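Structure, as structure tokens:
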Amino acid sequence: VQLQASGGGLVQAGGSLTLSCVVSGRTFSDYAMGWFRQAPGKNREFVAAINWRGDLTYYADTVQGRFIISRDNAKNTVHLQMNSLKYEDTAVYYCASDAAVRTINSDAYYALRANYAHWGQGTLVTVSS
């Protein structure tokens with residue numbers, strides 16, 4: 001299973017950026033997907049998740065109302081649209097694929113790193129103040 005994240009870059013505060021993650025090697029539409037991020041010197045933290053059907057989404061409080069997660073099962077791709085970016089959003093962003101098939105679970109489940117079996121390589125987002 002491979003996850004290839006892309007779309008990171010340098011953006012000014014208040015700007016927008018969209019990340020994408022293409023998954024290969026498993027039936028993409030059977031698994032929830034998540035985005036996590038890790039800032040320098042900090043632990044990796046949950047950002048957003050979307051269930052396998054794409055009809056339920058979950059967000060960290062820090063990005064609620066600014067970020068939108070979506071998926072295109074026909075293209076094996078999950079997106080993270082990031083709006084109103086802040087300096088504190090600067091981090092390496094990782095996409096991840098659920099370990100279990102077709103889960104319908106609580107936001108607490110999707111926020112746990114241990115519940116994801118496969119991870120992308122990360123893409124750097126830098127927000128200038």
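In this text, all values refer to a predicted model and were calculated from it rather than measured experimentally.
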Using a 6.0 Å distance limit plus a 45 degree cone around the ring axis, check whether Arg71 lies over the aromatic ring of Tyr31.
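No; the conditions do not both hold, so Arg71 does not lie above the ring face of Tyr31.
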Heavy-atom closest contact ([X] atom, [Y] atom, distance):
| X | Y | value |
| --- | --- | --- |
| Phe28 | Val78 | CZ-N, 4.0 Å |
| Trp35 | Leu19 | CH2-CB, 3.7 Å |
| Trp52 | Ile104 | NE1-CD1, 3.6 Å |
| Tyr58 | Ser106 | CE2-C, 4.2 Å |

With sequence neighbours left out, write down each residue that passes side-chain contact (heavy atoms from CB on, under 4.5 Å) with [X], or none if nothing qualifies.
| X | answer |
| --- | --- |
| Asp89 | Arg37, Arg66, Phe67, Leu85, Lys86, Tyr93, Val127 |
| Ala99 | Ala117 |
| Ala60 | Phe46, Thr62, Val63 |

Contact list for [range], test disulfide (SG to SG under 2.5 Å), sequence neighbours left out:
| range | answer |
| --- | --- |
| residues 23-121 | Cys21-Cys95 |
| residues 29-68 | none |
| residues 24-60 | none |

Which residues satisfy the salt bridge (Lys or Arg N to Asp or Glu O under 4.0 Å) test with [X], sequence neighbours excluded?
| X | value |
| --- | --- |
| Asp72 | none |
| Arg26 | none |
| Asp55 | Arg53 |
| Glu88 | none |

Listing, residues 1-17 side-chain donor-acceptor contacts under 3.5 Å, not counting sequence neighbours, or none:
residue, atom, partner, partner atom, Å
Ser16, OG, Asn83, OD1, 3.1

In the single-linkage hydrophobic clustering (I, L, V, M, F, W, Y; side-chain heavy atoms under 4.5 Å), do [X] and [Y] co-cluster?
| X | Y | result |
| --- | --- | --- |
| Val92 | Ile69 | no |
| Tyr59 | Phe36 | no |
| Tyr94 | Ile50 | no |

- Item | Leu80 CG to Thr18 OG1 distance, which is reported to the nearest 0.5 Å |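 Between Leu80 CG and Thr18 OG1, I get 8.0 Å after rounding to 0.5 Å.
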Could you state the interatomic distance from CG (Asn51) to CE (Met33), rounded to the nearest 0.5 Å?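 Here the rounded value is 12.5 Å.
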(request) Taking Asn73 for its side chain and Ser29 for its backbone only, find out whether a donor-acceptor pair lies under 3.5 Å. (result)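 Checking the backbone N and O of Ser29 against the side chain of Asn73, no donor-acceptor pair under 3.5 Å is found.
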*Among Asn115, Asp98, Asn105, Thr103, the one residue meeting side-chain hydrogen bond (donor to acceptor under 3.5 Å, both in side chains) with Tyr110*: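 The residue from Asn115, Asp98, Asn105, Thr103 that satisfies side-chain hydrogen bond (donor to acceptor under 3.5 Å, both in side chains) with Tyr110 turns out to be Thr103.
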Handout entry: Selection residues 116-129 - residue pairs positive for side chain to side chain donor-acceptor pair (under 3.5 Å), sequence neighbours left out
Key =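 Checked against side chain to side chain donor-acceptor pair (under 3.5 Å) - neighbours excluded - no pair reaches residues 116-129.
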